Each structure stands twice: as C-alpha cells, then as structure tokens.
Protein chains: 2
Amino acid sequence: MKSRIETDGYGRKKVIDACMEPCAIERGMRIIGGKWTGSLIYHLKDGPVRFNDLNRMLGGATKKMIDQRLKELEARGMVLRTVINDRPIAVTYELTELGRSALDILEDLRLWSEKYNIR
Amino acid sequence: MKSRIETDGYGRKKVIDACMEPCAIERGMRIIGGKWTGSLIYHLKDGPVRFNDLNRMLGGATKKMIDQRLKELEARGMVLRTVINDRPIAVTYELTELGRSALDILEDLRLWSEKYNIR
DNA sequence: ATTTCAGGTATACTATTTATACCTAAAGGC
DNA sequence: GCCTTTAGGTATAAATAGTATACCTGAAAT
C-alpha cells in the first residue's frame, strides 16, 4: 500500500496504487474492529467461555450483538462453538489458532489505549 | 481486564471485574477501528496529504466519510489540518505525535491481514 | 407457584454509512 | 465566450448496522 498521486503533462491527476476498495488495513478492521468484536476475542483469551458469561462480561453489548459477532467469528474460523450439553442447553465458545493469532494486536491496542488514556 | 464469573453458595452467578461499558480494547477500537479511520491514518504515515488526494487513495470511501473521520481525528488531536491556500482553497492533513503513535498497531494489523489472507 | 438459569430469537426503533448531486471560485481547452 | 476540471467540501435521501425490550423452551431451586 504505497499509493501516491501523480500529475501528467496536462495537470491531470491520477492515483498510483490506490486502495481500490478495502485494502489490508481496512479488511483487517472489518473483522477485528467491528463493534464488540475485539473485546469478545480478548475475553476468550484464557479458554472456553459460555454465552451468557460473555454477555455478563461485556456490559453494554446486547445478546443479539454478541450472538451476531460470535456467528461471524465462527464463520471466519476464528472461534469454535461447542454444545457441551442439551436439555439444559449449554455451549462454550473458544478461540481457534486463527482467533488466537489476533491476540497480540489486541493486546497492543489495549496498551496503547491505556497509555494515551483513550476514552 | 481480568473479568471472571463466580458462583455463590446458592448457584447464583455474578461477574467480577466486568467491562462495565467499553473497556480499553473497546475504547481503542472506537477511535482506530471506525470505518475508514485506520486506512486514513495509515495513508498519512509519510507526511501531509491533501483532502482530495486522500479521497482518491481510499477508493470506496465517500468525501463525507473522509471529512467526518478527519474531523473526529482532528478533534482527538491525532491529525492536524492546515489551510495552505485560500482563493483556490487548499488544505493538508498530517499526523500529530499521538496519531503517529497508532501506526505500529496498524502496521501489525496490515501484516496480520495479509498473512492470513483476510478478505 | 414463581423465579432463575441456560441460549438464544422477534420486534421496533435509532444511529451510522452510502450514493448522488450540488456549491463557490479559479484555471485550461477550444 | 463556453464547457470542463480542480479544490474542499455540504445537502439530501436511501440502505445498513446497532440498541432496547420482551419473549421462548425446559429444568431446577425457593
């Protein structure tokens, strides 16, 4: 992504290497940067967590949001959903290797956010 | 952010250290993770860029979006807006120190996104 | 008998994003 | 002179995303 602008002999501008539609940063953000997605992944870092526990941990997000995000992450192979019991239905969510690979970025974001008092 | 769930003697659950409203990760994402915000910052990494040049570089984002994001970033002190000419009006946008401090995270995100072929 | 837990879904409403057109003023082509 | 292009945006409407609230099934505890 080294896009730049050049001007031809007639003063007309054109872009070299434009981000035609989402570039790598934008594509990454669409996964990790969705509302609540980063927090969700981060809260799964220590192992499997249940749906309602995630709901309790992320004060502010609705069940619908959490459900939707988890489904997106599952579809992308970042999270694994396991039914550990039916009848009284019980499921856990945990990170896959791919999901785990995003943790470093999130940890850096957390440190950055705390260092500069982002609010 | 080490929230966990505990169960009392009666089987009732309660959260310890819940993310009551946005935690550090979530707050950071609200700044850097907004749609187009990451790309915008990243395209400013090599120095001042003009409004319409940013518009051309971020194929896909509308002027309105770019305008809005730049205003948000300016309000947060991450970007500096400079009028370099009026009459034929001309402005440039550049990163402040704070803005620059986010570049490492974005670079890591770009590498992650490319490594795992996020699309 | 009522409440609590699990893991969600349904409905309605609000906020954000997108697409499209337009504005002022100056310069270039024909 | 007339039309197009450039700059840096703004206005309007339509589409998409997120929020609040209530509700569902089935089992166990009060």
Side-chain angles (χ1 to χ4, degrees), chain A residues 5-15 19 21-22 26 29-31 33-40 44 48-74 79-94, chain B residues 5-15 20-22 26 29-31 33-40 44 48-74 79-94:
Chain A
I5 310 289
E6 288 191 354
T7 309
D8 68 14
Y10 301 103
R12 289 191 196 84
K13 304 220 175 160
K14 58 177 180 177
V15 212
C19 283
E21 297 312 301
E26 205 51 43
M29 277 302 186
R30 303 268 166 99
I31 311 305
K35 222 162 184 175
W36 304 109
T37 310
S39 308
L40 219 32
L44 291 173
V49 182
R50 294 230 204 158
F51 182 86
N52 278 339
D53 288 344
L54 283 169
N55 186 215
R56 275 186 281 261
M57 288 188 238
L58 273 69
T62 61
K63 286 180 167 190
K64 187 180 177 183
M65 237 334 76
I66 293 176
D67 181 56
Q68 201 173 106
R69 292 312 185 211
L70 285 171
K71 276 178 181 151
E72 284 170 21
L73 290 170
E74 200 194 355
V79 154
L80 183 68
R81 178 184 188 270
T82 313
V83 176
I84 54 172
N85 214 325
D86 32 54
R87 225 56 74 220
I89 182 145
V91 303
T92 55
Y93 291 90
E94 64 192 298
Chain B
I5 311 289
E6 288 191 354
T7 308
D8 68 15
Y10 302 103
R12 290 190 196 84
K13 305 222 173 157
K14 59 177 178 176
V15 213
M20 284 325 283
E21 295 313 302
E26 205 51 43
M29 278 302 186
R30 303 268 165 100
I31 311 306
K35 224 163 184 176
W36 304 110
T37 310
S39 309
L40 218 32
L44 291 174
V49 183
R50 293 229 205 158
F51 182 85
N52 278 340
D53 287 344
L54 282 169
N55 186 214
R56 275 185 282 262
M57 288 188 239
L58 272 70
T62 62
K63 286 179 167 193
K64 190 180 176 184
M65 232 344 69
I66 293 176
D67 182 55
Q68 199 173 109
R69 291 312 185 210
L70 284 172
K71 276 178 182 153
E72 284 170 22
L73 290 171
E74 200 194 355
V79 154
L80 183 68
R81 178 184 188 269
T82 313
V83 176
I84 55 172
N85 214 326
D86 32 53
R87 225 53 73 221
I89 180 142
V91 304
T92 56
Y93 291 90
E94 66 192 298

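In what follows, chains carry the letters A, B, and so on, assigned in the order in which the sequence lines appear, proteins first and then strands, with residues in each chain numbered from 1. Remember, it's a predicted structure, so these values are computed and weren't measured experimentally.
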Could you give the [atom1]-to-[atom2] distance, from [X] to [N], as a whole number of Å?
| X | N | atom1 | atom2 | value |
| --- | --- | --- | --- | --- |
| A:D86 | D:dG26 | CG | P | 12 Å |
| B:I89 | C:dA26 | CD1 | P | 12 Å |
| A:R30 | C:dT18 | CZ | C1' | 12 Å |
| A:N55 | C:dG7 | CG | P | 10 Å |
| A:L54 | C:dA6 | CG | P | 12 Å |
| B:Q68 | C:dT17 | CD | P | 6 Å |
| B:M65 | C:dA15 | CE | P | 16 Å |
| A:I66 | C:dG8 | CD1 | C1' | 11 Å |

On DNA chain C, nearest-nucleotide positions of B:G34 versus A:F51: which is more 5'?
A:F51

[X] side chain N/O closer than 4.0 Å to the phosphate oxygens (OP1, OP2) of [N]?
| X | N | answer |
| --- | --- | --- |
| B:R50 | D:dA7 | no |
| A:R56 | C:dG7 | no |
| A:K63 | D:dG18 | no |
| A:K35 | C:dT16 | no |
| A:R69 | D:dG18 | yes |
| A:W36 | D:dA17 | no |

Output, in order, the C-alpha distance, side-chain angles, deciding distance and verdict of salt bridge (charged side-chain N to carboxylate O under 4.0 Å, His left out) for A:K64 and A:D67.
CA-CA 5 Å; A:K64 187 180 177 183; A:D67 181 56; over 6 Å; no

Please tell me which of B:P88 and B:D67 maps to the more 5' nucleotide of DNA chain D, matching each residue to the nucleotide holding its nearest heavy atom.
B:P88

Working to the nearest 0.5 Å, report the span between CH2 of B:W36 and OG1 of B:T62.
9.0 Å

Shortest side-chain distance from A:R81, nucleotide among C:dA6, C:dT18, C:dG8
C:dG8

Selection from C:dG8, D:dA7, C:dA6 that lies nearest to any side-chain heavy atom of B:A90
D:dA7

Do [X] and [Y] come within less than 4.5 Å of each other through their side chains, counting heavy atoms only?
| X | Y | value |
| --- | --- | --- |
| B:L40 | B:L58 | yes |
| A:E26 | B:K35 | yes |
| B:I66 | B:F51 | yes |

Given 3.5 Å as the limit, does a donor-acceptor pair link the side chain of A:R81 with the main chain of A:T92, or not?
no

Between B:E94 (side chain only) and B:L44 (backbone N and O only), is there a donor and an acceptor less than 3.5 Å apart?
no

In A:L54, A:V79, A:T37, the residue satisfying side chain to side chain contact (heavy atoms under 4.5 Å, CB included) with A:R69 is A:T37

Between the protein and nucleotides 11-15 of chain D, which nitrogen or oxygen pairs are less than 3.5 angstrom apart?
unit_1, atom_1, unit_2, atom_2, d
D:dT12, O4, B:K64, NZ, 3.1

